[in-house]
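Heads up: the structure comes next, in structure tokens.
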Amino acid sequence: MKLDGKDTKIFELMRRELDREEYSLILIASENYVDEDILATQGCVLTNKYAEGYPSRRYYSGCAYLDEIESIAIERAKELFGAEHANVQPHSGSSANMAVFYAVLQPGDTVLGMDIAHGGHLTHGARPSFSGKMYRAVSYPVSARDEMLDYDEIRSIAHKEKPKLIIAGASAYSKVIDFQKFREIADEVGAYFMADIAHIAGLVAAGLHPSPVGHAHFITTTTHKTLRGPRGGLVMCTADLGKKIDSAVFPGIQGGPLMHVIAAKAVALKQAMTEEFREYQRQIVLNAQHMAKCMSDLGFRIVSGGTDNHLFLVDLTPKNVTGNDAQVALEASGIMVNKNLIPFDTRTPNVTSGIRLGTPAITTRGMKEKEMEIICEMIDQVLRHLNDVSFMEKTRVKVRELCASFPFYKRIYDI
Ligand code: PLP
């Protein structure tokens, strides 16, 4: 990729974004840095080609190489996760989830997913999304006692509401999810069970979180979070549901697949089979756990008391700071986090009492426990100097220095 060209406006903005990514601390749990192989694969001629259909069943001529690429991506997904069937065409995690709804539900059917205010995703039944608009969505909370999933409560909601689809998975939940229990509950009420592992896919692939394979009818994921591939989606399911999911993805909800992205998914799935990737995932979890401990030692409250995965929620109430104010001040200091509702939050989603911190991106850069301590110290200090612009500028310089000692794209671009 050349960062110059005729469209100077766009190329200049790309150059600035490259600089921002290289010299900021990315603690947004859903973000990561892909390597040059994935960047190159996404920026290649495969973007030119229409390939509606599936390998050997295309609507266009000239798909021979694309058939091979998609077949390899499918086989790698099946091998990595141990799934019976995989569809690599969903453009995003949301499309993957929509495909499952489309495959097995009728509009108006009941779905049961985790409350978005307690860590669930928009597509698990939240009102503004298709999942809450076209279906009768009910939700389960985390327990007020320990802010963890309460399977007895989920069971009793399922028995009362009789959903046709039960969804496990979250955007902001730091504890292990018991997929086997979810399947038992789904069987008791005759529901399909979908596990959305968008956030934890890398951990599942590395054996650091129990796999939903063997329990879930459908497994959906994004490919760009802990899995560290291109931005996109993936659905897996048992063999008997393969035809249903394939026709739900195409022609159900999508047209032509993004073949450059599918090729990049194949590259990422191969990377995820290596020992190096498993070691990377182990360090993500160690870093998250160490960071949660440091934040707690600094007087912050960690939702659910800690983390088993790559992220955790920080309750800022003891510091009398809102999530939004924290996000703004930290961004000005070069530290990227997102404001996040905490369970039973009394503030609105635009203000929030918490922030979500995640370690996939900084771990990709090679940062370890020692850097987690430095980062937590910086976060604490910035939140103590909320309106002090010069303090934020000084922190920004320190952040740049720290990032410069863990170069990532500087290895391949002139920045
Ligand atoms: N599922 C979960 C649990 C997520 O956290 C996300 C995104 O953050 C998605 C699905 C949707 O992915 P996308 O943004 O690719 O549509």
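Both counts, for ligands and for their atoms, begin at 1 and track the order of listing.
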Proximity of Ala198 to ligand 1 by residue part, where a heavy atom lies under 4.0 Å: side chain
Ligand 1-proximal atoms of Lys225, by part, heavy-atom distance under 4.0 Å: side chain
Ring geometry between Phe179 and Phe193 (parallel below 30°, tilted from 30 to 60°, perpendicular above 60°): tilted
Contact check, side chains of Phe300 and Asp315, non-hydrogen atoms, under 4.5 Å: no
NZ or CZ of Arg228 within 45° of Tyr33 ring axis and under 6.0 Å: no
Atom indices of ligand 1 within 4.0 angstrom of Ser94 heavy atoms, with elements: 11 (C), 12 (O), 13 (P), 16 (O)
Donor + acceptor pair across side chains of Asn87, Tyr54 (<3.5 Å): yes
Atom indices of ligand 1, in the order listed, that fall short of 4.0 Å to a heavy atom of His199: 5 (O)
Closest non-hydrogen atom pair between Asp308 and Gln289, with its separation: CA-NE2, 4.0 Å
Test: Arg400 cationic atom under 6.0 Å from Tyr23 six-membered ring centre, within 45° of axis: yes
Atoms in ligand 1 with a heavy atom of His224 nearer than 4.0 Å: 15 (O)
Ala170 contact mode with ligand 1 (heavy-atom cut-off under 4.0 Å): backbone
Minimum-distance protein heavy atom relative to atom 13 (P) of ligand 1: Gly93 N, 3.6 Å
Backbone or side-chain N or O of Ser171 under 3.5 Å from ligand 1 N or O: yes
Exercise: do Asn309 and Ser174 side chains pair donor with acceptor under 3.5 Å: no
Atoms of ligand 1 close to Thr222 [distance to a heavy atom under 4.0 angstrom, numbered from 1]: 12 (O), 15 (O)
Intermediate values then yes/no, side chain to side chain contact (heavy atoms under 4.5 Å, CB included), Gln281 and Val285: CA-CA 7 Å; Gln281 297 293 321; Val285 177; 5.9 Å; no
From Ile167, Asp196, Thr221, Ile28 - option closest to atom 10 (C) of ligand 1 by heavy atom: Asp196
Sub-4.0 Å protein heavy atom near atom 5 (O) of ligand 1: yes
